Amino acid sequence: MHKTALALASALLATAASADTLVSNVNGIQVGADGKLQHFSALTIGDDGKVRQVIEHPELVRLAGITSTVDGGGRTLLPGLIDAHGHVLGLGFSALLLDLVGTSSLDDLKQRLKAYAAAHPDARWIQGRGWNQELWPNKSFPTAADLDSVVSDRPVVLERVDGHAIVVNTSAMKAAGVTAATPSPPGGRIENGLFVDNAIELIGKTVPPATAAENDQALAKAQDILLSYGVTGVGSMSTSLADWQAMNRLGASGGLAVRLMVYADELKLLSEVPKPTPWLYGDKLRMAGIKFYADGALGSRGAWLKQPYADKPGTRGLQFHSDAEMLKLADTAASHGFQIATHAIGDAANAQVTKTYEAMSKTYGRDRRWRIEHFQIADPADIPRLAPAGIIASMQPTHQTSDRLMAEKRLGPKRLAGAYAWQSVLKSGAKLAFGTDFPVESPAPFPGLAAAISRQDMQGQPPGGWLPAERLTFAQALDAYTRDAAYAGFAEEKIGSLEPGKWADFILVDRDPTKVDARALARTEVLETWIAGKKVWARTISPSPAERGK
Ligand SMILES: [Zn+2]
């Protein structure tokens with residue numbers, strides 16, 4: 001059958017009026033509009049890069065107009081995956097700066113700092129990110145004195161994996177004019193060289209900003225990484241003006257491949273970008289909305305809780321805004337036509353943002369697709385409030401597997417019912433969009449899909465899954481990573497599924513994700529990434545286990 005089809009295709013080549021590409025002999029899998037898995041064996045792509053036909057049975061392939069054929073070799077083809085929440089420039093910089101992800105102890109951090117400092121004698125400031133003291137034997141935060149013992153001749157700033165705390169050396173505090181007498185600002189904390197949430201800016205304002213060339217380098221690096229993981233679309237969160245400018249430079253040069261749905265960093269871009277933009281550069285870039293923060297993160301006890309922390313009863317975390325302030329911020333963004341995406345981790349923060357969106361929904365309507373980013377710890381009583389107000393829960397499955405033990409400590413056993421509650425969100429009728437919050441987590445989507453169906457980490461822990469009632473089916477998980485991630489960015493008419501008129505953004509992978517268990521699903525390798533009907537990335541050598549370890 002396929003041989004005949006190929007022969008016919010070449011015979012028709014000379015007479016074809018249009019120039020379509022046939023991608024045949026694939027094990028195509030996607031989620032249909034009904035939420036069910038669809039299987040197909042071929043698709044045709046117009047020379048505009050858009051899907052013409054999705055063909056279920058090979059014998060239904062019509063060869064009129066086909067001018068080239070790609071034999072999929074029987075491999076599995078999925079729509080390009082969309083990460084609804086990532087930090088694009090952050091991903092690039094984390095690959096270029098001192099990488100502290102996975103440090104196993106304070107000593108390990110010091111060794112890496114020492115090696116990086118020796119390798120970068122010209123760096124005026126040493127910047128790194130990715131440490132997580134929860135992975136260390138004694139779980140205590142690093143201090144300025146710890147860093148001073150390794151580097152004292154120039155400033156060192158090392159960001160925690162969640163971006164909600166930094167540790168700096170004495171030289172950095174001197175440069176920033178911070179002394180032992182400096183008080184912690186509202187919504188922040190200073191402690192032996194550790195700066196949490198709103199205190200970060202005390203140091204951050206002194207760090208020399210990246211140059212345009214460095215931003216371009218970071219964006220290009222991030223795009224390479226994303227394509228290698230099969231990520232063809234991203235909700236680009238907390239985007240700065242410099243980030244936006246780098247994205248526009250790459251777009252104007254024709255170099256943007258990944259489609260970016262951009263959310264500006266609070267109201268900071270409002271004077272430069274006063275309203276959402278149309279899609280630019282062949283649907284590669286769009287300013288879609290504005291990102292706000294309602295609280296901090298659970299790891300650094302910055303998440304704002306309704307009741308005190310189980311492991312620190314004196315605190316309920318950090319409330320960033322009063323209700324009135326939150327309403328005013330949201331209304332300012334919405335009145336300019338922007339979509340709103342608000343970071344909320346703790347149950348108190350989620351309740352405040354939900355209340356804010358309920359009010360926004362009354363004024364501006366439901367279809368503004370109000371997004372809550374993370375929605376990690378919800379009061380179960382608040383979950384049914386999402387759907388009526390058109391609120392989307394934008395969540396990150398690998399946060400659940402990474403945070404499980406820490407969340408149990410912070411919350412105690414009785415307050416976990418609304419934690420990372422994916423199935424409860426779907427059952428309530430609300431939409432769920434998935435992502436990774438890269439570089440907080442690796443942008444690799446398959447460990448997330450595996451976590452979503454199993455509530456287990458890459459090592460299969462805990463047995464049976466953590467709060468297993470919140471597991472999703474593979475179709476639900478893929479939906480949140482494709483169709484509904486597109487919906488969450490107002491892009492569902494362009495991407496998120498392979499249908500006539502939508503972009504031919506797809507990936508070929510090394511296994512059928514519906515036929516393997518969660519641990520094997522997590523290890524799925526992307527072989528090729530295609531955007532707008534063009535192959536933009538292909539695996540050449542097999543990666544080392546360390547590289548794919550996360
Ligand atoms: Zn984020």
Side-chain angles (χ1 to χ4, degrees), residues 81-95 101 129-132 159-166 187 196-198 200-201 204 218-219 222 225-226 229 231 233-240 243-244 247 258 260-266 268-269 288-300 302-304 317-318 320 333 339-346 349-350 353 370-377 392-403 406-407 420 432-445 447-448 451 480-481 485 488-489 550:
L81 296 166
I82 300 170
D83 191 312
H85 181 126
H87 301 268
V88 178
L89 276 279
L91 178 65
F93 279 116
S94 71
V101 171
R129 70 170 316 283
W131 57 271
N132 179 0
E159 194 180 56
R160 193 177 185 277
V161 67
D162 63 4
H164 285 266
I166 55 173
V196 180
D197 285 318
N198 283 351
I200 292 173
E201 192 50 24
L219 177 56
I225 296 169
L226 292 168
Y229 283 118
V231 177
V234 171
S236 167
M237 289 294 147
S238 306
T239 307
S240 70
D243 296 356
W244 172 247
M247 290 165 181
V258 175
L260 301 175
M261 299 163 272
V262 175
Y263 296 81
D265 185 10
E266 307 198 318
K268 290 170 201 157
L269 276 65
I290 293 184
K291 160 98 179 287
F292 295 112
Y293 285 84
D295 66 350
L298 200 58
S300 46
W304 175 30
L318 303 171
F320 282 14
Q339 193 185 8
I340 305 175
T342 308
H343 164 118
I345 304 263
N350 277 301
V353 177
W370 320 103
R371 298 172 54 139
I372 300 185
E373 303 305 315
H374 311 307
F375 199 68
Q376 269 174 29
I377 312 300
I392 298 166
S394 164
M395 300 177 74
Q396 298 75 31
T398 46
H399 280 353
Q400 183 270 303
T401 46
S402 304
D403 294 356
M406 180 270 286
Y420 313 86
L432 189 59
F434 271 166
T436 59
D437 202 10
F438 64 75
V440 174
E441 304 278 355
S442 156
Y481 236 120
K550 204 150 170 339

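Starting from 1, each residue takes its place in the sequence as its number. Atoms within a ligand are numbered from 1 in the order they appear, just like the ligands themselves. Remember, it's a predicted structure, so these values are computed and weren't measured experimentally.
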Problem set entry | Verdict with supporting geometry, Tyr420 and Gln376, side chain to side chain contact (heavy atoms under 4.5 Å, CB included) | CA-CA 5 Å; Tyr420 313 86; Gln376 269 174 29; 3.4 Å; yes

Exercise. Can you name the N, O or S atom of His87 that is closest to the Zn ion (ligand 1)?
Worked result: NE2

For this session: Please work out whether the ring planes of Phe434 and Tyr481 are parallel, tilted or perpendicular, with thresholds of 30° and 60°.
Result: perpendicular

For this session: Would you please classify the geometry between the His164 ring and the Tyr293 ring as parallel, tilted or perpendicular, with 30° and 60° separating the classes?
Result: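 Tyr293 vs His164 ring planes: perpendicular.
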
Of the backbone and side-chain N, O or S atoms of [X], does one lie nearer to the Zn ion (ligand 1) than 2.8 Å?
| X | answer |
| --- | --- |
| His343 | no |
| Asp437 | yes |
| His85 | yes |

Problem set entry | Step-by-step side chain to side chain contact (heavy atoms under 4.5 Å, CB included) determination, His85 to His374 | CA-CA 9 Å; His85 181 126; His374 311 307; 3.5 Å; yes

